[in-house]
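The sequence lines fix the lettering, A, B, ..., with proteins before strands; numbering per chain opens at 1.
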2 protein chains.
Amino acid sequence: MSKEELKRVSDSKTTKSLKKGETIFGEGEKLNGVYCVRDGVSKLSKLSANGKDQIVKLASKGQILGQRSVIAEEKVNLTAVAVSDMEVCFIPKDSIVETLQTNPNFTMEVLRHMAHDLKEADDVIVNMSQNSVKQRMAAAFFYLRNSYGEDKNGFLNLILSREDISNIVGTATESAIRIISEFKKKGLIKTLGKKIGITDEKGLMGIVEEF
Amino acid sequence: MSKEELKRVSDSKTTKSLKKGETIFGEGEKLNGVYCVRDGVSKLSKLSANGKDQIVKLASKGQILGQRSVIAEEKVNLTAVAVSDMEVCFIPKDSIVETLQTNPNFTMEVLRHMAHDLKEADDVIVNMSQNSVKQRMAAAFFYLRNSYGEDKNGFLNLILSREDISNIVGTATESAIRIISEFKKKGLIKTLGKKIGITDEKGLMGIVEEF
DNA sequence: CCAATACTATGACATAAGTCAGATTTTGGC
DNA sequence: GCCAAAATCTGACTTATGTCATAGTATTGG
């Protein structure tokens, strides 16, 4: 993006603080802009017919929320809720559309990004349909570590409720808890309150790759 | 697209016929262009760790295969196999890239298309993780009818093997067969060889929406 | 600081769905 | 048309996972 464009986008931005648990936008809303995460983490989920949430994606610093619906000019299909305290900035639709129309490099960048997201979505579909809950749980811990890292004591930086974990994995909360207990008993992970840490990387990876 | 561009793309196209079962491209390949389906249907699947295929998408007339990997400049993550006899045309990468760079409208079109695909992928993820095999089977029949229609006798136009159906739904072939038998017994569908037809729309929709 | 509320944990049980084995039917190549 | 190979179907069984109940444990707001 050129300096001018950067300036224009920057000018049109308004930042907003959100407390953990607050909603950024909800399924079915019409967005007139996108949100850029400056700090904190958001969960993007979709309510299924049976009343359960499925978390499709987590978004943190630098990631954009709502671009799909703005680009496709459709209502949002996901609900975005803050998983931790957050700071987001809002970029109005017009600003996005104009930049898309005038800056081919930006557009290509968005395109590449979407292509990548689409590939990831395919992986999730296969993971969901072909792996056991145990495998998905183990994979989720690696995903969380890769994406958000761990603290000096070896606990995952991103602290999620057991319910959120179960909604990522797509299972009942009780099942998630049971599997956490089992992994703990086997020495694959450790817990401290809500905090979870991987202790036996190799063993846990073995679960992921089990067939 | 302008006439000139259309002509250039048209010139660079080469068409190719494929028999049912033939592979268009395989997971891990590097594509130097995309394929446009002129006739027939292709399944896009991904092999899971346990050796089972998961069909992520079906593509028919007018749809493009391989655009993701060409745009993201990554290896393909899916295998494309002909489900019926097909006719596809190949459009070289250069031609695509050039059009993307010179024609913003085309790029926006691709972008919108991808945004839509991404939304659909989210729906599939939720469907896979939150619905029972029975629900997914019922939903699959509606999907097939919406996408490919039915013949004058009320059978789905697209004829798939039970194995392909199970790979779409993400279940064991035996389970798919069992559920087909059950639906048939309940009068929800009818079968004739491989052919399947919806006979009780309301009843079948009831299964989809069951909770 | 305590009560109210939400979250975590565990047991008992029901059920959905996968696996294995074998029978029957269909299909395609010669 | 015939035979081998592939696909479909059904039964018996096992296992994974969800559901319901209940108890213990944190958190939070007043």
What distance do Gln135(B) atom CD and Ile207(B) atom CD1 have between them, rounded to the nearest 0.5 Å?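 The CD atom of Gln135(B) sits 8.5 Å away from the CD1 atom of Ile207(B).
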Any chance you could measure Leu58(B), atom CG, to Ile168(B), atom CD1, to the nearest 0.5 Å?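 Separation between the atoms: 4.5 Å.
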How close or far is atom [atom2] of [N] from atom [atom1] of [X], stated in whole angstroms?
| X | N | atom1 | atom2 | value |
| --- | --- | --- | --- | --- |
| Gln135(A) | dT17(D) | CD | P | 9 Å |
| Leu160(A) | dC7(C) | CG | P | 13 Å |
| Gln54(B) | dG18(C) | CD | P | 11 Å |
| Glu163(A) | dG18(D) | CD | P | 14 Å |
| Lys195(A) | dT27(D) | NZ | P | 11 Å |
| Ile179(B) | dC9(D) | CD1 | C1' | 14 Å |
| Ile159(B) | dA7(D) | CD1 | P | 15 Å |
| Leu192(B) | dT26(C) | CG | C1' | 13 Å |

Evaluate the side-chain proximity of Lys93(B) to Lys30(B): yes if any heavy-atom separation is below 4.5 Å, no if none is.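 They are not in side-chain contact.
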Using only side-chain N and O atoms of [X], determine if any of them is under 4.0 Å from OP1 or OP2 of [N].
| X | N | value |
| --- | --- | --- |
| Ser181(B) | dT10(D) | yes |
| Lys185(A) | dT10(C) | no |
| Lys184(B) | dT10(D) | no |
| Lys194(A) | dT8(C) | yes |

Closest nucleotide of DNA chain D for Lys20(A) versus for Arg162(B): which of these residues is on the 5' side?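 Counting from the 5' end, the first nearest nucleotide belongs to Arg162(B).
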NZ/NE/NH1/NH2 to OD/OE distance under 4.0 Å, [X] and [Y]:
| X | Y | result |
| --- | --- | --- |
| Lys16(B) | Glu22(B) | no |
| Lys46(B) | Asp122(A) | no |
| Glu182(B) | Lys134(B) | yes |
| Lys57(B) | Asp117(B) | yes |

For the side chain of Arg178(B), counting heavy atoms from C-beta on, which of dT10(D), dA12(C), dT17(D) is nearest?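 Nearest nucleotide to the side chain: dT10(D).
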Out of dT10(C), dA17(C), dA9(C), which nucleotide sits closest to the side chain of Ser132(B)?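 Between dT10(C), dA17(C), dA9(C), the one nearest the side chain of Ser132(B) would be dA17(C).
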What are the residues of residues 166-177 of chain B, sorted by number, that bring a heavy atom to within less than 4.0 Å of DNA chain D?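 Correct list: Glu174(B), Ile177(B).
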